[in-house]
Protein chains: 2
Amino acid sequence: MAKQKGRPEKKVHQNRNVSARISPAGEKGKSLRSAIPYSTVVRLAQYLRILERLEAVGTTKINSNELAKEAKVNSFLVRKDLSYFGEFGVRGVGYEIKSLIREVQRILGLNRERRVVLVGIGHLGRALLSYKGFAEEGFHICGLFDSDPAKIRTTVNDLLVRSVFTLEDFVEESGAVDIGIIAVPAFSAQFVANTLVAVGVKGLLNFAPIPLTVPPHIITVSVDLTTNLEVISYFLSQR
Amino acid sequence: MAKQKGRPEKKVHQNRNVSARISPAGEKGKSLRSAIPYSTVVRLAQYLRILERLEAVGTTKINSNELAKEAKVNSFLVRKDLSYFGEFGVRGVGYEIKSLIREVQRILGLNRERRVVLVGIGHLGRALLSYKGFAEEGFHICGLFDSDPAKIRTTVNDLLVRSVFTLEDFVEESGAVDIGIIAVPAFSAQFVANTLVAVGVKGLLNFAPIPLTVPPHIITVSVDLTTNLEVISYFLSQR
DNA sequence: ACGTGTGAAAGATTTCACAGCG
DNA sequence: CGCTGTGAAATCTTTCACACGT
């Protein structure tokens, strides 16, 4: 959002990061309707990771205090975050992990499979492709794209690398894509974003160190690795 | 909310990052003392990237409105962010890019070289190692570490991969290390963090999807890739 | 008794209006 | 005149206290 034009500046914004900020990185966005803080959504995803780890070792119940300790936030915040979406606990008792996981997954929209394409098959792209966490949460990388002729038609992890110019055909033949991951250099990131938006992709995860300009209904989350190091550098200098 | 993130992790925004909070954004970091918002620091790093890009194409001056447009925030915020640290512009005119870059670099502590070690030489580690952006901003990756015997003693990008158990010797022989990048699986991340802290590393950039427990004077910024995708998923579900 | 859920207070960040100065 | 720098207002987020249910 944000816009800004001539003189009169309008109001909009702020969303952060992450990690990202981000947010803190880490910025906020503009939410249509909801009064739910962006940071609540980020924390929900973190709670989910913690709950899944605990469930895997056989824990069955947890209270807001314990979850807060794991997530390194305070227990008021855990309860407030959850209360935006319903009442998932039992007073005097706590939360049942299994059902809380199910609720949080539902809130985050993880109860369906998301089709994801990865654009940019460099080192970072390959790292993302081999990252286990995505598939576990229902993010299915179904297509790889690059613009380098030397990479096109090669296979990575059993997936064919295609030309970015064939994205439209790919969507037509294999079905709609929900999310595009942009792992290309800064100079081509905006072009890739435009291409993805044009074929109907609704969410972008951008690793290029440049803010993308996209239509307002497109969700964009950017991860800038250098920014994160610079933030550390800032705090190191503060003493 | 809009979207866009940026985010270290700890908390961050408009381009946020989940990363932050975000912490960031992921997740973000934690600010000790200062009255300066964490998100201001994140944005400063983003402004820097924009200014450097503009300088590279020959632009010499900019005003808060133009910079705001590039960064996708509003111009009040640009001015406020900068004003926490001094008066860098000329009223009625704007900012001289070259000198503003110098100021922002100084604020972020980039006017000195930072020694960085990378722990975890998997796909992600290799991607980070070949990432150009780090060296450009003064982050010098001077040591690679892993715990896999098959990787130890091999060479990646002309750098020897060492055992994590030799970290202490490395610091003794080659000098203090400022920042450690943790690119290992979740189950060993806390151990690696402890080891890094024990040898005097003051800042951690963590890619493992688990909140680290570290002494209060250690700066930690976490980037959780799955969290970022889940945040996108949440917003996609909201319509 | 005990921990959740929540309205209200406190705190933090962003937006705004405009004074200030080249 | 134009754009920066900033106190004050608006907005948003977190913390808190405590009523509520079991």
Side-chain angles (χ1 to χ4, degrees), chain A residues 1-4 6-17 21-31 34-43 61-69 71-96 99-100 103, chain B residues 1-2 10-14 16 21-24 28 30-31 33-44 61-69 71-96 99-100 103:
Chain A
M1 291 24 162
K3 48 257 327 12
Q4 215 101 319
R7 236 21 202 331
E9 320 211 348
K10 249 17 265 215
K11 40 270 286 7
V12 178
H13 327 134
Q14 217 34 61
N15 179 46
R16 349 168 151 211
N17 280 173
R21 183 275 30 176
I22 184 116
S23 265
E27 9 34 59
K28 281 57 178 308
K30 164 122 301 112
S31 120
S34 84
I36 290 154
Y38 182 88
S39 16
T40 287
V41 178
V42 173
R43 283 189 300 266
K61 335 181 304 170
I62 194 168
N63 63 37
S64 61
N65 222 288
E66 297 161 338
L67 180 50
K69 221 165 86 184
K72 314 246 190 281
V73 298
N74 80 36
S75 63
F76 300 114
L77 196 48
V78 169
R79 298 203 298 277
K80 178 68 86 181
D81 284 340
L82 293 173
S83 76
Y84 285 118
F85 301 95
E87 308 197 355
F88 307 127
V90 179
R91 297 180 186 213
V93 181
Y95 305 88
E96 209 251 305
S99 77
L100 188 53
E103 293 291 356
Chain B
M1 296 9 18
K10 257 20 172 345
K11 345 15 215 355
V12 181
H13 315 130
Q14 175 81 27
R16 338 155 162 222
R21 107 213 283 225
I22 232 36
S23 157
K28 269 55 170 309
K30 174 118 290 191
S31 127
R33 110 256 305 333
S34 81
I36 289 155
Y38 182 89
S39 16
T40 287
V41 178
V42 173
R43 283 189 300 265
L44 242 29
K61 339 181 301 170
I62 193 168
N63 63 38
S64 63
N65 221 286
E66 297 162 338
L67 180 49
K69 218 163 87 181
K72 314 242 192 278
V73 299
N74 79 38
S75 65
F76 300 115
L77 196 48
V78 169
R79 298 202 300 276
K80 177 69 87 181
D81 285 339
L82 293 173
S83 76
Y84 285 118
F85 300 95
E87 308 197 357
F88 307 127
V90 178
R91 296 179 189 216
V93 180
Y95 304 89
E96 208 252 306
S99 78
L100 187 55
E103 293 292 356

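Just so it is clear, the model here is predicted, and its values are computed rather than measured.
Summarising the geometry, the separation between CZ on A:F88 and C1' on C:dT4 is reported as 13 Å, rounded to the nearest angstrom. Distance CG (B:N65) to P (D:dG2): 13 Å, rounded to an integer number of Å. Separating the CG atom of A:D81 from the P atom of D:dC12 is a distance of 17 Å, rounded to the nearest angstrom. Atoms CD (A:E87) and P (D:dA19) sit 17 Å apart, rounded to a whole Å. Rounded to whole Å, the distance from NZ on A:K72 to P on D:dT14 is 18 Å. For the pair A:L77 CG and C:dA9 C1', the computed distance is 16 Å after rounding to whole Å. The distance between atom CD1 of A:I62 and atom C1' of C:dG3, rounded to the nearest whole Å, is 13 Å. Regarding A:R79, its CZ atom lies at a distance of 6 Å from the P atom of C:dT4, rounded to whole Å.
With rounding to the nearest 0.5 Å, the separation of CZ in B:R79 from CG in B:N65 is 8.0 Å. If you take CD on B:E103 and CD on B:E96, they are separated by 11.0 Å, rounding to the nearest 0.5 Å. Between A:I36 atom CD1 and A:D81 atom CG the span is 10.0 Å, to the nearest 0.5 Å. Note that the NZ atom of A:K69 and the CG atom of A:N63 stand 10.0 Å from one another [nearest 0.5 Å]. Atom OH of A:Y95 and atom CG of A:L82 lie 5.0 Å apart (nearest 0.5 Å).
Between A:S75 and C:dG3 there is no side-chain polar atom (N or O) within less than 4.0 angstrom of OP1 or OP2. One finds no side-chain N or O of A:S64 lying less than 4.0 angstrom from the OP1 or OP2 phosphate oxygen of C:dG3. Between A:S39 and D:dT14 there is a side-chain polar atom (N or O) within less than 4.0 angstrom of OP1 or OP2.
Of the candidate nucleotides D:dT15, D:dG5, C:dT6, D:dT15 has the atom nearest to the side chain of A:N74. Of the candidate nucleotides C:dT14, D:dT6, D:dT4, D:dT4 has the atom nearest to the side chain of B:Y95. For A:F76, taking side-chain heavy atoms from C-beta onward, the closest of the listed nucleotides D:dA17, D:dT4, D:dT14 is D:dA17.
Of all heavy-atom pairs between B:E66 and B:K61, the closest is OE1-O, 4.4 Å.
Taking for each of B:Y84 and A:L82 the nucleotide of DNA chain C with the nearest heavy atom, the 5'-most of the two is the partner of A:L82.
Contacts of B:F85 with the nucleic acid, taken as non-hydrogen atoms under 4.0 Å apart, are absent.
A donor-acceptor contact under 3.5 angstrom links the side-chain atoms of B:K80 to the base of D:dG7.
Looking at B:F85 and B:T40, their side chains come closer than 4.5 Å, going by heavy atoms from C-beta outward.
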Treat a base pair as Watson-Crick or G-U wobble with both distances under 3.5 Å, then lay out DNA chain D in dot-bracket form, 5' to 3', with | for cross-strand pairs. ||||||||||||||||||||||
Which pairs, protein N/O on one side and nucleotides 20-22 of chain D N/O on the other, fall under 3.5 Å?
from	atom 1	to	atom 2	distance (Å)
D:dC20	O4'	A:R91	NH1	3.4
D:dC20	O2	A:R91	NH1	2.8
D:dG21	N2	A:R91	O	3.4
D:dG21	N2	A:G92	N	3.2

